[in-house]
Amino acid sequence: MSAGRLREAVAFDEDTGAIGSLGGRVTAWTERHACRGQWIYQRGDEAVQAARLAGRSVHKIKIRSCAASRAITVGYRMRNTRRGLPDGVGTDTLPGSRWNVREVDAITDPMWVYIVVEGEVVS
């Protein structure tokens, strides 16, 4: 596949927060990898249908394999930096719409990493 289908700009962030002075967790996101990705429509298996019924969207993202992309875990989040808020949300100043990483497949294809992401609940 050529790079022509990698139309979206995505970034992957790791939670580098710590325990605050009162014992609560303080979340802080640090960008670990930025690249181009292809959005692949997820067909309707049971988990995808359940998420859609709950108002969340599920997508598969295809990115080039490299050391940084293979280091992505389910503890990360993905941002679509081509779309979404340009100035972030509140104290999180990183731009783009946010997606939770649900599954990472860095084994199936040596040239690509496939990542299943889920959007936040729509209210």
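Note that the structure is predicted; figures quoted are calculated from it, not measured. When a residue number appears, it is its place in the shown sequence, counting from 1.
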Legend entry - Non-neighbouring partners of T73 that pass side-chain hydrogen bond (donor to acceptor under 3.5 Å, both in side chains), sequence neighbours left out: none
Legend entry - Side-chain donor/acceptor of R98 to backbone N/O of G96, under 3.5 Å: yes
Legend entry - Candidate pair V10 and H33, rule side chain to side chain contact (heavy atoms under 4.5 Å, CB included), full reasoning: CA-CA 8 Å; V10 295; H33 182 56; over 6 Å; no
Inset, instruction - Using a 4.5 Å cut-off on heavy atoms from C-beta on, say whether the side chain of F12 contacts that of S69. - result: no
Legend entry - Flag side-chain contact, heavy atom, 4.5 Å: W29 against L94: yes
Inset, instruction - Using a strict cut-off of less than 4.0 Å between a Lys/Arg side-chain nitrogen and an Asp/Glu carboxylate oxygen, indicate whether K62 and D105 qualify as a salt bridge. - result: no
Legend entry - Spatial distance of atom SG (C35) from atom CD1 (I61) [nearest 0.5 Å]: 10.0 Å
Legend entry - Side chains of H59 and W99 in contact at under 4.5 Å (non-hydrogen atoms): yes
Legend entry - Sole residue of R36, R82, Q38 in side-chain hydrogen bond (donor to acceptor under 3.5 Å, both in side chains) with E8: R82
Inset, instruction - State plainly whether the residues E103 and K60 are in salt-bridge range, i.e. N to O under 4.0 Å. - result: no
Legend entry - R79 with D13: basic N within carboxylate O range, under 4.0 Å: yes
Inset, instruction - Please examine the side chains of P95 and D87, heavy atoms only from C-beta on, and report whether any two atoms are closer than 4.5 Å. - result: no
Legend entry - Over 12 non-hydrogen atoms of neighbours within 6.0 angstrom of CD1 in I19: yes
Legend entry - Note, R70 side chain near S65 side chain (heavy atom, < 4.5 Å): yes
Inset, instruction - Check whether any side-chain heavy atom of V104 sits under 4.5 Å from a side-chain heavy atom of Y114, and report yes or no. - result: no
Inset, instruction - To the nearest 0.5 Å, tell me how far R32 CZ sits from D15 CG. - result: 10.0 Å
Legend entry - 4.5 Å side-chain heavy-atom contact, V116 and V58: yes
Legend entry - Nearest-0.5 Å distance, CD1 of residue I63 to CE of residue M111: 13.5 Å
Inset, instruction - Hey, could you give me the CD1/OH distance between I115 and Y76, rounded to the nearest 0.5 Å? - result: 10.5 Å
